[in-house]
Amino acid sequence: MAKAITSRAEDYSQWYNDIVKKASLAEHSAVRGCMVIKPHGYGIWEMMKAQLDSMFKETGHVNAAFPLLIPKSFLSKEADHVEGFAKECAVVTHHRLMKDPDGKGVVVDPKAKLEEELIIRPTSETIIWNTYRDWIKSYRDLPLLINQWANVMRWEMRTRLFLRTSEFFWQEGHTAHSTAKEAIEETLLILDIYAKFAEEYMAMPVMKGVKTANERFAGAEDTYTIEGLMQDGKALQAGTSHFLGQNFAKAFNVKFSNADNKEEYVWATSWGVSTRLIGGMIMTHSDDDGLIIPPKLAPNPVVIIPIPKPNDQIDVVAQELIAKLKSLGIRAQYDRDPKKRPGFKFAEHELRGIPVRVGIGMRDLDKGQIEIARRDTKEKSYIPVGGAPQYIQELLDAIQSNLFEKAKKYRDEHITSADDFTTFKEVLESNGGFVSAHWDGTTETEKKIKELTKASIRCIPLNNPQEEGQCVLTGNPSKERVLFAKAY
RNA sequence: CGGGGCGUGGCGCAGUCCGGUUAGCGCACCUGCUUUGGGAGCAGGGGGCCGCAGGUUCGAAUCCUGCCGCCCCGACCA
């Protein structure tokens with residue numbers, strides 16, 4: 001067991017780090033806070049990208065690309081936005097290096113100081129709205145539905161691979177609309193896409209809701225969120241969709257003429273999900289033996305292993321199986337390497353989270369069967385060669401739904417109501433997860449609760465039942481419950 | 001920015017307190033033989049500015065000074 005990983009019970013965050021490292025998903029780079037995403041990890045991101053991108057396209061969005069660098073002055077145009085991001089921006093001040101006059105290497109050339117400093121984008125609202133000003137003149141130019149796949153940089157104090165790094169990869173949608181109603185509809189449409197993606201593709205159940213003023217995106221009127229629950233009982237904000245009102249339109253003076261030839265400010269949204277989703281996938285499904293990838297996100301959901309080593313007959317059976325799977329739209333990989341033993345390969349592919357493993361050995365072939373093992377439950381079955389493709393197809397679906405059901409069961413068992421502060425604290429200590437409690441609606445109380453328990457309000461669920469109650473901390477009147485949790 | 005820890009072949013570490021001649025171990029790697037249905041065994045082999053820069057000393061991975069970097073825990077955040 002050369003690559004054994006720390007168990008979840010022993011040290012959850014070490015378990016996470018071990019999985020990222022030993023499943024070859026990513027590693028720390030030479031640059032502080034920035035990661036190298038390795039092929040296996042990037043392959044999963046590509047699967048996520050492809051699916052999300054097609055969902056965006058189906059709903060009328062198109063992709064474009066905006067610059068990495070943003071003039072410093074742009075950032076200061078929307079007051080809340082500056083406040084939110086100023087503390088974590090990397091700034092470009094010079095445009096040239098020179099040989100160090102006192103020795104080896106290079107130094108910044110003091111003569112190459114930029115007249116206006118540039119910010120490496122922490123998000124792109126400002127540069128995009130500055131551009132939209134020129135693109136939008138009439139209601140006929142609306143709606144404008146644009147997305148970009150990009151990297152952004154936020155200078156983080158503490159980083160964790162995928163969950164929080166200084167540079168991360170994401171998509172950011174930026175749309176412009178002629179009415180508030182339409183912009184809000186867009187915000188909710190995207191939230192639904194995110195939730196559908198999370199649940200149907202990542203097999204990660206999520207709560208849809210709206211953020212409190214305190215947790216809102218800097219510059220937004222409303223921030224909608226999907227919140228997942230990880231196996232250690234902490235919540236993960238997995239995606240956000242913002243209704244920006246006219247804040248950016250006013251800051252960047254983006255107006256359009258309506259049908260009555262009257263000028264109005266444009267209504268806006270922005271929305272994003274990032275490589276953080278990979279962290280969410282890991283912490284939702286994986287076990288003490290390593291990563292578990294939901295079949296729909298696996299670059300290669302099936303791996304075929306010759307037992308004990310390849311020969312002509314096994315090669316033929318493997319290639320035929322690959323061809324038949326391909327015709328069913330299932331990608332499979334044949335790990336033929338004769339120098340590695342099957343036991344090693346079994347362990348390796350389990351660690352890397354491949355959903356289905358097929359073992360082909362002469363002993364089974366003589367009986368006309370092959371061995372098929374599923375990663376999620378570790379169960380093995382012996383299936384006639386001819387029936388294997390269909391069996392695998394059904395098995396992948398079964399794994400996908402089993403992962404979702406298992407995660408949903410866990411999540412549902414970790415939503416607890418609390419009506420007094422003692423219970424509230426006890427639930428957080430013992431069971432973890434979401435605590436559904438009344439809150440008096442003030443930021444002050446929200447902050448106080450966070451200070452006392454480390455739990456924040458993750459969201460006010462959509463379609464939340466209205467009920468009279470008393471705030472769990474202050475006893476002040478409240479009309480609905482909100483979801484608290486400790487969060488990543 | 002506070003508190004803690006760590007920088008030694010690709011990876012993980014020992015050695016550092018108490019300086020000593022050739023810097024060691026496991027994994028990985030290379031060669032050969034034997035193996036082969038759940039991380040193979042044996043034999044041989046290659047690979048090191050001991051984080052960087054100064055200093056003390058006959059002699060420094062080890063002691064002293066300064067610097068740099070990374071990880072973990074907190075405050076901030078997707």
Side-chain angles (χ1 to χ4, degrees), chain A residues 1-5 11-14 16-18 21-22 24 27-35 83-89 103-105 122-123 151-172 194 211 214-218 223 225-228 235-242 270-280 289-290 305-311 314 337-352 357 359-367 369-371 373 378 380 382 447 450-451 454 456 458 487-488:
Chain A
M1 298 295 271
K3 290 198 174 177
I5 63 177
D11 184 342
Y12 189 84
S13 72
Q14 192 55 45
Y16 176 84
N17 291 339
D18 284 354
K21 214 176 282 183
K22 291 180 177 164
S24 297
E27 60 191 35
H28 291 283
S29 72
V31 186
R32 193 197 89 105
C34 297
M35 63 178 163
E83 178 120 7
F85 287 104
K87 283 168 290 184
E88 49 190 38
C89 286
K104 305 160 234 171
T123 178
N151 56 342
V152 290
M153 173 156 281
R154 299 179 188 175
W155 209 265
E156 297 290 350
M157 297 285 184
R158 271 190 59 208
T159 59
R160 294 197 66 193
L161 293 172
F162 291 119
L163 295 172
R164 172 163 297 103
T165 47
S166 286
E167 182 194 26
F168 59 90
F169 292 80
W170 75 345
Q171 56 71 218
E172 46 179 325
Y194 286 164
K211 289 288 189 185
N214 186 47
E215 297 275 334
R216 194 141 69 198
F217 174 74
T223 289
T225 178
I226 53 169
E227 299 279 329
L236 181 81
Q237 178 174 308
T240 48
S241 183
H242 315 290
S270 71
W271 28 274
V273 296
S274 72
T275 38
R276 174 179 248 203
L277 290 176
I278 296 173
D289 295 317
I305 295 171
I307 299 172
K309 58 182 177 182
N311 63 30
I314 290 174
D337 189 346
K339 293 188 288 295
K340 287 183 185 142
R341 299 156 64 96
F344 180 88
K345 293 178 187 174
F346 292 173
E348 192 70 14
H349 292 293
E350 268 163 22
L351 192 54
R352 289 165 67 93
R357 184 188 74 232
I360 305 180
M362 295 312 294
R363 206 180 293 166
D364 286 331
L365 280 186
D366 288 342
K367 289 184 256 176
Q369 64 184 26
I370 55 181
E371 177 193 284
K378 300 285 202 70
K380 285 182 196 176
Y382 295 88
K447 284 183 171 164
K450 186 167 183 188
E451 197 183 306
K454 303 218 187 280
S456 52
R458 301 322 303 156
Y488 276 94

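Each chain gets a letter, A, B and so on, in the order the sequences are listed, and its residues count up from 1.
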Note to self: Between the base of G38(B) and the side chain of Lys380(A), is there a donor and acceptor pair under 3.5 angstrom?
What the structure shows: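 Donor-acceptor pair under 3.5 Å: yes.
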Next item on the list: Flag the pair Val152(A) / Glu172(A) as yes when at least one side-chain heavy-atom distance between them is below 4.5 Å, and no otherwise.
Entry: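 Touching, per the 4.5 Å side-chain cut-off.
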Check: Arg160(A) versus Tyr16(A): any side-chain heavy-atom pair under 4.5 Å?
Finding: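 The answer is yes; the side chains approach within 4.5 Å.
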[options]: which one has an atom nearest the side-chain heavy atoms of [X]?
X: Phe344(A); options: G37(B), G39(B), A75(B); answer: G39(B)
X: Lys454(A); options: G74(B), G39(B), G37(B); answer: G74(B)
X: Glu350(A); options: A75(B), G38(B), G39(B); answer: G38(B)
X: Glu156(A); options: C76(B), G38(B), U36(B); answer: C76(B)
X: Arg363(A); options: U36(B), G37(B), G38(B); answer: G37(B)
X: Leu351(A); options: A75(B), G37(B), G39(B); answer: G39(B)

Inter-nucleotide [atom1] distance ([N], [M]), Å rounded:
N: G46(B); M: G32(B); atom1: C1'; answer: 15 Å
N: G39(B); M: A28(B); atom1: C1'; answer: 13 Å
N: C29(B); M: G66(B); atom1: P; answer: 44 Å
N: G55(B); M: G19(B); atom1: C1'; answer: 15 Å
N: G26(B); M: G69(B); atom1: P; answer: 35 Å
N: U62(B); M: C52(B); atom1: P; answer: 11 Å
N: C18(B); M: C63(B); atom1: C1'; answer: 11 Å
N: C6(B); M: C42(B); atom1: C1'; answer: 37 Å

Check: Within the side chain of Arg216(A), is there an N or O that forms a donor-acceptor pair under 3.5 Å with the backbone of Lys211(A)?
Finding: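 No, the answer is negative, given that no donor and acceptor are paired below the 3.5 Å cut-off.
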Next item on the list: May I ask you to decide if Asp337(A)'s main-chain N or O and Lys345(A)'s side chain share a donor-acceptor pair within less than 3.5 Å?
Entry: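 The answer is yes, because a donor-acceptor pair under 3.5 Å joins these two groups.
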Of all heavy-atom pairs between [X] and [Y], which one has the smallest distance, and what is that distance?
X: Lys22(A); Y: Leu351(A); answer: O-CD2, 3.6 Å
X: Ser456(A); Y: Ala487(A); answer: OG-CB, 4.4 Å
X: Phe162(A); Y: Thr275(A); answer: CD2-O, 3.6 Å

Describe the nucleic acid contact of [X] in one word from base, sugar-phosphate, nothing, applying a heavy-atom distance below 4.0 Å.
X: Thr240(A); answer: nothing
X: Leu236(A); answer: nothing
X: Phe217(A); answer: nothing

Next item on the list: Map Gly343(A) and Ser166(A) onto RNA chain B by nearest heavy atom, then report which one ends up closer to the 5' terminus.
Entry: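 In this pair, the answer is Gly343(A).
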Margin query: For Gln14(A) and Pro338(A), find the nucleotide of RNA chain B closest to each by heavy atoms; which residue's nucleotide sits nearer the 5' end?
Written below: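 Whichever sits nearer the 5' end wins; that is Pro338(A).
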Margin query: Test side-chain contact (heavy atoms from CB on, under 4.5 Å) on Phe217(A) and Thr240(A); report intermediate values, then the result.
Written below: CA-CA 9 Å; Phe217(A) 174 74; Thr240(A) 48; over 6 Å; no
Notebook entry, point to check: Are Glu348(A) and Arg357(A) within salt-bridge range, i.e. N to O under 4.0 Å?
Noted result: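 No.
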Check: Given A40(B), is OP1 or OP2 found less than 4.0 Å from the side-chain N or O atoms of Arg341(A)?
Finding: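 So the side chain of Arg341(A) is within the cut-off, an N or O lying under 4.0 Å from OP1 or OP2 of A40(B).
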Using the 3.5 Å cut-off, write out each protein N or O paired with an N or O of nucleotides 68-71 of chain B and the distance between them.
unit_1, atom_1, unit_2, atom_2, d
C70(B), OP1, Arg32(A), N, 3.0
C71(B), OP1, His28(A), ND1, 3.0

Notebook entry, point to check: Could you write out RNA chain B as a dot-bracket string, with dots for unpaired bases, | for bases paired across to another strand, and Watson-Crick or G-U pairs counted at under 3.5 Å?
Noted result: ((((((((.[[[[.)....(...]]]].((((((.....)))))).....[[[[[..)....]]]]])))))))....
